[in-house]
Amino acid sequence: MGLPTMGVPDIQLSELFMSATEYTPEVRLSASGELLFKGKCYPENSFRFHKPIMDWLDLFLAQSILPSRIVFSFHLVYFNSSAAKQIFDILTLLSEQYNRTEVIIRWFYDEDNENAFEEGHGLVDDFPTLIFELIEIPAVR
């Protein structure tokens, strides 16, 4: 759950950047509202991996003024069920901002990855206050 916005002074947030590893995606979170997960996401300890991300998002969303739009791009070639739960939690936080800013989710999926395609469509149904762009990436032949 996000921090309350009343009485929370705005702070200067720095960008959160985490390099991709064999098991975790590249993460870029910017106070400009551009957010990115790219790569594989099946960390050994999902909670520990996502904690700094959720902490950053809590601070970002607690600001009295948000960017006019937030764009979160997910380009995950693989993610496990615990990562899916964390993604769901992130989208829940973002969906609560519908009356404060426009939130766009860019869900990239590889043409041959039916699971990622289906997951994206399921999220559209779960989060009607978010604007989804489902973007197919052609398979390399």
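Using a 4.5 Å heavy-atom threshold, the side chains of Ile105 and Leu123 count as separate. Taking the side chain as every heavy atom from C-beta outward, Phe60 and Ile70 approach each other to under 4.5 Å. Using a 4.5 Å cut-off on side-chain heavy atoms (C-beta onward), Arg106 and Phe74 make no contact. Side-chain atoms of Leu91 and Asp126, non-hydrogen and from C-beta on, never get closer than 4.5 Å to each other. Residues Phe17 and Glu26 meet the side-chain proximity criterion, which asks for heavy atoms closer than 4.5 Å. The closest side-chain heavy-atom distance from Val77 to Asn113 is not below 4.5 Å. In this structure, the side chains of Phe127 and Leu94 stay at 4.5 Å or more apart for every pair of heavy atoms. Contact of the Lys38 side chain with the Pro25 side chain is not registered, since no non-hydrogen atoms from C-beta on lie closer than 4.5 Å.
Contact between Ala31 and Pro67 at its shortest, heavy atoms only, is O-CG, 3.4 Å. The two residues Pro52 and Met18 come nearest to each other via the heavy atoms CG-CE, 4.4 Å. Nearest heavy-atom pair across Arg100 and Leu61 is NH1-O, 2.8 Å. Closest approach of Ser30 and Leu35 over heavy atoms only: N-CD2, 3.7 Å.
For the atom pair CD1 of Ile131 and CZ of Arg69, the computed distance is 8.5 Å after rounding to the nearest 0.5 Å. The distance from the CG atom of Asp89 to the CD1 atom of Ile53 is 12.0 Å, given to the nearest 0.5 Å. For the atom pair Ile90 CD1 and Leu29 CG, the distance stands at 8.0 Å (nearest 0.5 Å). Taken from NZ in Lys40 to CG in Asn80, the straight-line distance is 12.5 Å, to the nearest 0.5 Å. For the atom pair Ser81 OG and Gln86 CD, the distance stands at 11.0 Å (nearest 0.5 Å). Atom CZ of Phe117 and atom CD of Glu136 lie 8.0 Å apart (nearest 0.5 Å).
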>> Gln97 vs Leu130, test: side chain to side chain contact (heavy atoms under 4.5 Å, CB included). Steps then yes/no.
In response: CA-CA 9 Å; Gln97 307 307 314; Leu130 300 176; over 6 Å; no
> Stepwise, does the side chain to side chain contact (heavy atoms under 4.5 Å, CB included) test hold for Val27 with Trp56?
Replying inline: CA-CA 12 Å; Val27 174; Trp56 189 95; over 6 Å; no
>> Evaluate Glu119 against Asn115 for side chain to side chain contact (heavy atoms under 4.5 Å, CB included), listing each step before the verdict.
In response: CA-CA 6 Å; Glu119 184 72 24; Asn115 289 338; over 6 Å; no
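Under the 4.5 Å side-chain heavy-atom criterion for ILVMFWY residues, no single connected hydrophobic cluster contains both Leu36 and Phe49. In the hydrophobic clustering of this structure, Val71 does not group with Leu66; members are Ile, Leu, Val, Met, Phe, Trp, Tyr whose side-chain heavy atoms approach within less than 4.5 Å, directly or through other members. Linking Ile, Leu, Val, Met, Phe, Trp and Tyr residues whenever their side-chain heavy atoms come within less than 4.5 Å leaves Tyr42 and Ile87 in two separate clusters. In the hydrophobic clustering of ILVMFWY residues, with side-chain heavy atoms under 4.5 Å counting as a link, Phe88 and Met54 come out together. Hydrophobic clustering, with ILVMFWY side chains joined whenever heavy atoms are under 4.5 angstrom apart, groups Leu13 together with Val103.
Side-chain atoms of Thr129 come within 3.5 Å of backbone atoms of Ser95 as a donor-acceptor pair (strictly under, hydrogens ignored). A donor-acceptor pair under 3.5 Å is absent between the side-chain atoms of Thr24 and the main chain of Pro43, judged by distance alone.
Salt-bridge check for Glu15 with Arg28: passed, with a basic side-chain N closer than 4.0 Å to an acidic carboxylate O.
Atom CZ of Phe47 is surrounded by 12 or fewer heavy atoms from other residues, nucleotides or ligands within 6.0 Å. Environment of OH in Tyr23: sparse, with no more than 12 heavy atoms of neighbouring residues, nucleotides or ligands closer than 6.0 Å.
Using the six-membered ring where Trp is involved, Trp107 and Phe79 have ring planes that are perpendicular, over 60° apart on the 30 and 60° scheme.
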